[in-house]
Number of protein chains: 2
Amino acid sequence: MPPQARGRASDSAKCTALDNDLTWAIRMISMALRRVAAEAAETLPGGSRAYLVLMALAEAEDKPPTQLELAGQVGLDRTVMTYLLDDLEGRGLLLRRPNPKDRRARHVILTDEGRSQLLRIRTELAAAESQLLVELSEQQRAQFRDLLAQVALTAARGSHGD
Amino acid sequence: MPPQARGRASDSAKCTALDNDLTWAIRMISMALRRVAAEAAETLPGGSRAYLVLMALAEAEDKPPTQLELAGQVGLDRTVMTYLLDDLEGRGLLLRRPNPKDRRARHVILTDEGRSQLLRIRTELAAAESQLLVELSEQQRAQFRDLLAQVALTAARGSHGD
DNA sequence: GACAGATAGTCAGGTTTGCAGAACATTTTC
DNA sequence: GAAAATGTTCTGCAAACCTGACTATCTGTC
């Protein structure tokens, strides 16, 4: 039995208890998005972390990062990165290319398969997002996005000055 | 070193990568609320799970649940519930009262201390919620709550028919 | 050019954490 | 009296993570 089954049951129990208006709403939406993200990334070894790695690689595709740089970008330990890349390389999503200038370092580059998997996940996430807003009018969606962005900025400000 | 330090760093790394508009905003807000909830509940043994237990107890205070009922409500294993209640009882937040009608079962009841701790946490959470909306006008807040509730219902519907 | 020290990546443990199964005592129910 | 249920404890498992050692390489200094 996958660990998600238990976690999800526990989360739904939380939801019935935590309906403090805003917190409950945010939690429901966040859970829905997280669930979709987990499902979209569950075919990848390493789950959502693999998604982060693929994102980082796609962003800097012109200048492939080394494993250490990659680890720093996504906040992982280098040893963890080694295992993660082992799995991802095993599935043909990326390659480790030794740097001829510094033969200690290995640059990580996306394969076509990796790019297509990343595209698949992004598409699924985008679909889930728009599905969430399906009951809102066009005007309401714009309002919602604006308000959400503003509140998110407030939240980000509060978290930065920790 | 607390595990939150690493988790938080990784989460902030996620945020820079995942700014897909809506998902990013929801994630920021959810993280801020989670952080506050974790801080508010960190004085309790068991963290946010203890908060769930206290909530469940306060909701059904006229009919104190047994440990097994409580475990079912918050989605915990009964063995885990035993340990959690050990800690909470040790801090005087609740009592285990044997049921004279069925001396196998033990009802769990809130103490005054438990009630006051619960009130404290709820107050902190409410303060954090309103702090999030501090930059919005009164009208915007109402709009935001309405839209958020509607989207949350959509999200909940999607999760129910899993 | 040779050496010491630093660095990238890998790997083999060990630690922690959290959960759940099994066994047990106590009590109820049939 | 047999079977089931509640709660407790012991135990082991599994995942995730990190530390430390190791190899291979680079960089600086003499």
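Proteins come first, then strands; the chains are lettered A, B, ... in the order of their sequence lines, and each starts at number 1. All figures in this text were calculated on a predicted structure; none of them were measured in a lab.
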In one Ile/Leu/Val/Met/Phe/Trp/Tyr side-chain cluster, 4.5 Å: A:L136, A:L148: yes
Is A:V80 reachable from A:M55 through a run of I, L, V, M, F, W or Y residues, each pair having side-chain heavy atoms under 4.5 Å apart? yes
Where do N or O atoms of nucleotides 10-14 of chain D meet protein N or O atoms at under 3.5 Å, pair by pair?
residue	atom	partner	partner atom	Å
D:dC10	N4	B:Y83	OH	3.2

Has B:R106 got a side-chain N or O lying under 4.0 Å from the OP1 or OP2 atom of D:dT8? yes
From C:dT10, C:dC19, D:dG7, nucleotide with atom closest to B:R78 side chain: D:dG7
List in chain and number order the residues that pass salt bridge (Lys or Arg N to Asp or Glu O under 4.0 Å) with B:D86, two or more places apart in sequence or in another chain; answer none if no residue qualifies. B:R96
Could you tell me if the side chain of B:R141 sits less than 4.5 Å from the side chain of A:L147, heavy atoms only? no
Kindly give the atom pairs (protein nitrogen or oxygen, nucleotide nitrogen or oxygen) under 3.5 Å for nucleotides 2-6 of chain C.
none

OP1 or OP2 of C:dC19 under 4.0 Å from side-chain N/O of B:R49: yes
Partners passing side-chain contact (heavy atoms from CB on, under 4.5 Å) against A:A40 (at least two apart in sequence or in another chain): A:I121, A:E124
Salt bridge (Lys or Arg N to Asp or Glu O under 4.0 Å) filter on B:D87, not counting sequence neighbours, yields none
Is the CZ atom of A:R97 crowded by more than 12 outside heavy atoms at less than 6.0 Å? no
Interface residues of residues 89-103 of chain B with DNA chain C (non-hydrogen, below 4.0 angstrom): B:K101, B:D102, B:R103
Is a donor on one side and an acceptor on the other found under 3.5 Å between the side chain of B:T111 and the backbone of B:G92? yes
With respect to the phosphate group of C:dT10, does any side-chain polar atom (N or O) of A:T82 fall under 4.0 Å of OP1 or OP2? yes
Pair A:S48-A:R34, side-chain donor/acceptor within less than 3.5 Å: no
